[in-house]
Amino acid sequence: MIKYADHRDRLPLWWTRQNHSVAHARTTPHHRYATLMVDADPQHNLTTYLGLELQPNQPTLLEFIKKSVAVEDSIYPVEDNDNLFLIPADDQLDNVQDYLSNSGVGATLLRKRLEPIADTFKVCIIDAPPQRSQICLTVIGAADLIVIPSEASVKGYGSLVRTLDLLHNLQDVGATQAQMMGVVPFRDRWIGNNQSQESRLAVDGMREEVGDDFILPSIRESERYKQAINKHTTLSALGFPDLEYPFEVLLEKIKRLLS
């Protein structure tokens, strides 16, 4: 399972998840993997982006975690993609915070709930909320690998340090076996061929924290990502395939792990 962790900005993070997951499920036939997306954010942007319009009584991740419905009742196919499935969320997901806290096993509960379908889906990508919470803890507990999009700024660097601290604390107490897969700097600002000083210092700081091998190609500051989100399409379809390079590198890393 792959978790996307971030404690700040949302837009580049959504693009990373959504377009990466769609690309992952739409690769060539011999590389197609059944992929489960889990929307663990009460803002439920992933659910909205993937076009699922929930009716009031339809099960979501809240019911899945509480085990109040059968597992299969919480999983929905994504339209126009035979390999992509979703456990959705809505704003009621906030109500799961107390349930996780009172369970005594909140950090490991989501992993436990996902175990029965582990053989059904080759890949599970989880969207975590952008702050420390019981939901965030249980998502980290469920993950095997963690990708951290981090804004190429002083504040983004600080968020990365706090996220790493949380991960290490959970590892130390045995609440997760998750390992770092990589850090994706985003909003990396360039002026012509020159990287801005703030972005350069921030990325250098990230490199010092996690090591050069874990710094993935950065997502440069561009309005094209927002355009892709708003139009529910890819950068290639908009005529900017070069901007997809960071996601292609991430996808290749996952393919190597699966092969």
Side-chain angles (χ1 to χ4, degrees), residues 2-28 31-33 35-41 43-54 76-89 123-130 146-153 156 159 181-193 195-196 199 202-203 215-255:
I2 303 166
K3 174 203 182 266
Y4 286 90
D6 177 77
H7 294 301
R8 272 188 51 76
D9 199 277
R10 304 300 297 164
L11 189 146
L13 185 57
W14 299 336
W15 204 95
T16 302
R17 276 189 214 96
Q18 272 82 286
N19 285 268
H20 165 243
S21 61
V22 171
H24 190 70
R26 289 180 178 170
T27 46
T28 55
H31 279 139
R32 284 183 177 174
Y33 306 117
T35 300
L36 177 66
M37 302 287 288
V38 179
D39 191 349
D41 187 350
Q43 296 181 42
H44 57 85
N45 294 294
L46 176 58
T47 299
T48 301
Y49 179 89
L50 291 178
L52 181 61
E53 296 183 5
L54 287 167
Y76 300 79
V78 174
E79 189 175 355
D80 299 326
N81 197 315
D82 294 338
N83 298 309
L84 195 59
F85 299 83
L86 172 69
I87 298 179
V123 178
C124 177
I125 299 176
I126 310 175
D127 177 9
I146 293 182
V147 177
I148 306 178
S150 185
E151 185 175 355
S153 66
S159 286
M181 186 175 187
V183 174
V184 181
F186 67 85
R187 281 201 175 139
D188 187 1
R189 189 180 182 193
W190 288 68
I191 302 171
N193 293 324
Q195 188 179 28
S196 73
S199 290
V203 175
I215 297 294
L216 300 176
S218 64
I219 301 171
R220 294 196 181 189
E221 186 176 52
S222 173
E223 286 295 307
R224 303 304 181 187
Y225 299 102
K226 185 183 295 185
Q227 292 174 12
I229 291 171
N230 292 338
K231 294 182 179 181
H232 284 67
T233 189
T234 64
L235 290 164
S236 290
L238 291 179
F240 303 98
D242 291 349
L243 293 178
E244 292 187 345
Y245 178 67
F247 312 106
E248 293 169 354
V249 172
L250 180 58
L251 186 60
E252 285 302 318
K253 288 176 70 73
I254 296 173
K255 284 182 180 179

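Source: prediction; values computed, not measured.
A distance of 9.0 Å separates CE of Met37 from SG of Cys124, quoted to the nearest 0.5 Å. Distance check: Phe186 CZ to Asp188 CG gives 11.0 Å after rounding to the nearest 0.5 Å. Between atom CD of residue Gln227 and atom OG1 of residue Thr233 there is a gap of 11.0 Å, rounded to the nearest 0.5 Å. To the nearest 0.5 Å, atom OH of residue Tyr76 and atom CG of residue Leu84 are 15.0 Å apart. Within the model, atoms OG1 of Thr35 and CG of Asn81 stand 8.0 Å from one another, a figure rounded to the nearest 0.5 Å. Here the CG atom belonging to Leu46 is positioned 11.5 Å from the CD1 atom belonging to Ile126, to the nearest 0.5 angstrom.
The minimum heavy-atom distance between Val203 and Ala152, with the atom names listed, is CG2-CB, 4.1 Å. The nearest pair of heavy atoms linking Gln195 to Trp190 is N-CE3, 3.3 Å. Heavy atoms only, all atoms of each residue included: Asp41 and Ala89 are closest at O-CB, 3.8 Å. When every heavy atom of Ser199 is checked against every heavy atom of Arg189, the shortest pair comes out as OG-N, 3.0 Å. Here the closest heavy-atom approach between residue Arg187 and residue Glu151 is recorded as CD-OE2, 3.9 Å.
Here Glu53 pairs with nothing under the side chain to side chain contact (heavy atoms under 4.5 Å, CB included) rule; sequence neighbours left out.
Judged purely by atom type and a 3.5 angstrom limit, Tyr225 uses its side chain to pair as donor or acceptor with the backbone of Leu243. Between the Ser150 side chain and the Gly156 main chain, a donor and an acceptor come within less than 3.5 Å of each other. Proximity of a side-chain donor or acceptor of Thr47 to a complementary backbone N or O of Leu52 within less than 3.5 Å is not detected.
Using a 4.5 Å cut-off on side-chain heavy atoms (C-beta onward), Phe247 and Val184 make no contact. Counting heavy atoms from C-beta outward, Ile87 and Val38 have side chains that approach closer than 4.5 Å. Pro246 places none of its side-chain heavy atoms less than 4.5 Å from the side chain of Leu216.
Residue Tyr245 places its OH atom among 12 or fewer non-hydrogen atoms of other residues, nucleotides or ligands, all under 6.0 Å distant.
Using modelled atom types and a 3.5 Å distance limit, the side chains of Glu244 and Ser236 yield a donor-acceptor pair.
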Practice task
Begin from the C-alpha positions of Leu54 and His44 and carry the test side chain to side chain contact (heavy atoms under 4.5 Å, CB included) through to its verdict.
Solution key: CA-CA 11 Å; Leu54 287 167; His44 57 85; over 6 Å; no
